Amino acid sequence: MMFNPEDFQKLSPLPREFYNRNTVQVARDLLGCLLVHNSPEGTAGGVIVETEAYTQHGDPACHASRGMTPRNRVMFGSPGHAYVYFTYGMHYCFNAVTNAEGVGDAVLIRALQPLIGVELMQKRRGRERLKDLCSGPAKLVQALGMSKEQNGADLTSGPVRIFPWWDDVNNVVVTTRIGIREGTELPYRFYIKDNPYISKK
DNA sequence: GACCAGATTGTCT
DNA sequence: GACAATCTGGTCA
């Protein structure tokens with residue numbers, strides 16, 4: 001597919017008001033949006049096809065559920081910023097901070113459909129198949145070349161941005177979240193039905 | 001396909 | 001000291 005990375009630079013990123021809403025709603029609405037990272041190595045990105053909501057109130061799986069710590073402090077900051085955390089001794093995961101400032105909510109981006117900078121993502125991942133590039137929260141962070149450097153980045157004006165992309169996202173599946181021990185009963189995971197690039201059924 | 005062990009270290013109790 | 005919003009490569013079917 002032909003694609004000029006300059007093209008979407010002219011689009012308007014999702015405004016801060018988009019993120020300053022109910023977190024579960026934002027998680028649903030982020031499906032079909034385009035996540036892009038502009039790095040010195042080049043530009044890479046893809047369409048969001050899987051998300052999970054984490055809410056500070058009534059959600060024990062949320063990093064912010066037991067109050068502010070050095071790690072989770074950006075979750076309590078202004079919405080529309082990146083929360084990138086390190087886990088399992090080797091992986092990073094990317095979230096968008098949501099809801100009002102001071103609340104402590106975020107949406108975990110779990111999978112992308114690769115679209116921009118595919119060659120660069122293949123190189124970073126050491127994998128050829130498109131399905132192996134962004135089909136998991138730590139995979140997509142690696143493919144996009146992100147790390148703790150992007151923690152706290154402004155998604156409306158920084159090197160990491162999210163744009164409206166697909167107009168009508170239908171066939172959204174709502175289910176329970178993956179890889180957590182508490183809060184497993186909450187229906188906070190969203191993915192696009194039959195999309196081949198999600199992490200797991 | 002399903003299931004499982006191992007990797008590896010920042011973070012919090 | 002225990003654990004973690006994961007991934008990979010192995011086994012078995």
Side-chain angles (χ1 to χ4, degrees), chain A residues 19 22-28 30-31 35 37 44 46 48-77 79 81-99 103-114 121-153 155 160 162 173-192 194-201:
Chain A
Y19 300 97
N22 174 278
T23 298
V24 176
Q25 189 63 49
V26 174
R28 160 67 183 79
L30 277 171
L31 294 177
L35 172 62
H37 180 211
I48 298 170
V49 296
E50 179 181 345
T51 62
E52 284 179 357
Y54 286 86
T55 70
Q56 196 267 349
H57 181 71
D59 178 5
C62 180
H63 286 173
S65 66
R66 290 166 194 80
M68 200 188 314
T69 68
R71 174 169 80 152
N72 67 22
R73 68 184 157 72
V74 311
M75 293 183 79
F76 293 89
H81 286 74
Y83 170 49
V84 182
Y85 69 88
F86 182 75
T87 190
Y88 287 104
M90 62 191 88
H91 298 302
Y92 292 96
C93 295
F94 171 86
N95 300 249
V97 175
T98 57
N99 215 322
V103 173
D105 287 7
V107 172
L108 172 70
I109 309 301
R110 286 196 57 90
L112 307 177
Q113 177 169 325
M121 293 195 287
Q122 286 169 325
K123 180 183 154 202
R124 283 168 169 160
R125 288 277 302 136
R127 293 287 187 286
E128 291 295 317
R129 297 203 306 271
L130 290 188
K131 287 172 87 164
D132 293 334
L133 298 183
C134 301
S135 55
K139 294 181 190 177
L140 70 90
V141 164
Q142 188 186 15
L144 267 54
M146 298 193 291
S147 72
K148 63 184 175 195
E149 309 299 312
Q150 281 70 43
N151 189 38
L155 300 176
V160 183
I162 306 179
V173 178
V174 185
T175 181
T176 52
R177 296 171 297 183
I178 297 177
I180 54 174
R181 304 187 52 131
E182 298 179 281
T184 52
E185 74 290 352
L186 296 168
Y188 285 177
R189 176 170 178 242
F190 300 87
Y191 66 86
I192 298 177
D194 297 327
N195 186 284
Y197 300 101
I198 64 172
S199 65
K200 289 178 186 174
K201 294 283 266 194

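These numbers come from the heavy atoms of this one structure, side chains and all, not from hydrogens, waters or symmetry mates. None of these values were measured; they are calculated from a predicted model. Order of the sequence lines fixes the chain letters, A, B, ..., with proteins taken first and strands second; residue numbering starts at 1 for each chain.
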K.L.:
Does a side-chain N or O of A:R110 approach OP1 or OP2 of C:dT6 to a distance below 4.0 Å, or not?
P.N.:
yes

K.L.:
Once you round it to whole Å, what is the distance between C1' of C:dC7 and CZ of A:R125?
P.N.:
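Going from A:R125 (CZ) to C:dC7 (C1'), I get 8 Å.
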
K.L.:
Atom CD1 of A:I178 to atom P of B:dA2: distance rounded to whole Å?
P.N.:
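The distance from CD1 of A:I178 to P of B:dA2 comes to 12 Å, rounded to the nearest Å.
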
K.L.:
Quick one: A:Y88 OH to B:dA5 C1', roughly how many Å, whole number?
P.N.:
14 Å

K.L.:
Just call it for A:A138: base, sugar-phosphate, or nothing, with non-hydrogen atoms closer than 4.0 Å on any strand.
P.N.:
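If one applies the 4.0 Å heavy-atom cut-off, A:A138 turns out to touch the sugar-phosphate alone, with no base involved.
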
K.L.:
Closer than 4.0 Å, any side-chain N/O of A:H91 to the OP1 or OP2 of C:dA4?
P.N.:
no

K.L.:
Expressed as a whole number of angstroms, how long is the span from A:Q142:CD to C:dT6:C1'?
P.N.:
11 Å

K.L.:
Base, sugar-phosphate alone, or nothing: which one does A:R189 contact when heavy atoms must sit under 4.0 Å apart?
P.N.:
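Contact class for A:R189: none.
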
K.L.:
Any non-hydrogen side-chain atom of A:D59 less than 4.5 Å from a side-chain atom of A:R177?
P.N.:
yes

K.L.:
C:dA5 base stacked by A:Y85? Criteria: ring centres under 5.5 Å, plane angle under 30°.
P.N.:
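Stacking is absent between C:dA5 and A:Y85, given that the ring centres and planes do not meet under 5.5 Å and under 30°.
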
K.L.:
Kindly indicate whether the side chain of A:Y197, heavy atoms from C-beta on, has any atom under 4.5 Å from the side chain of A:I192.
P.N.:
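Side-chain contact under 4.5 Å: no.
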
K.L.:
Can you identify which nucleotide, out of C:dA4, C:dC7, B:dG10, has its nearest atom closest to the A:K139 side chain?
P.N.:
C:dC7

K.L.:
Distance check needed: C:dC3 P versus A:R66 CZ, whole Å only.
P.N.:
13 Å

K.L.:
In this structure, how many angstroms lie between the P atom of B:dT11 and the CE atom of A:M90, rounded?
P.N.:
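It is 15 Å, rounded to the nearest whole Å.
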
K.L.:
Provide, to the nearest angstrom, the distance between the CG atom belonging to A:D132 and the P atom belonging to C:dT8.
P.N.:
7 Å

K.L.:
Both distances below 3.5 Å, Watson-Crick or wobble geometry, any strand: find the nucleotide opposite C:dT8.
P.N.:
B:dA5

K.L.:
Can you check whether A:V97's main-chain N or O pairs, donor with acceptor, with A:N95's side chain at less than 3.5 Å?
P.N.:
no

K.L.:
Once you round it to whole Å, what is the distance between P of C:dC3 and CD of A:E182?
P.N.:
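Taking CD of A:E182 and P of C:dC3, I get 12 Å after rounding.
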
K.L.:
When you check the phosphate oxygens OP1 and OP2 of C:dC3, does a side-chain N or O of A:R71 lie under 4.0 Å from one of them?
P.N.:
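A:R71 to C:dC3 OP1/OP2: no side-chain N or O under 4.0 Å.
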
K.L.:
Between A:E50 and A:S199, is there a donor-acceptor pair closer than 3.5 Å when you use the side chain of the first and the backbone of the second?
P.N.:
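Yes; at least one donor-acceptor contact below 3.5 Å.
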
K.L.:
Can you tell me if the side-chain N/O atoms of A:R127 get under 4.0 Å from OP1 or OP2 in C:dG9?
P.N.:
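Answer yes for this pair, as a side-chain N or O of A:R127 is under 4.0 Å from OP1 or OP2.
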
K.L.:
Indicate, with a heavy-atom threshold strictly under 4.0 Å, whether A:R177 touches base, sugar-phosphate, or nothing.
P.N.:
nothing

K.L.:
To the nearest 0.5 Å, what is the distance between CG on A:L155 and CD1 on A:I162?
P.N.:
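The distance works out to 5.0 Å.
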
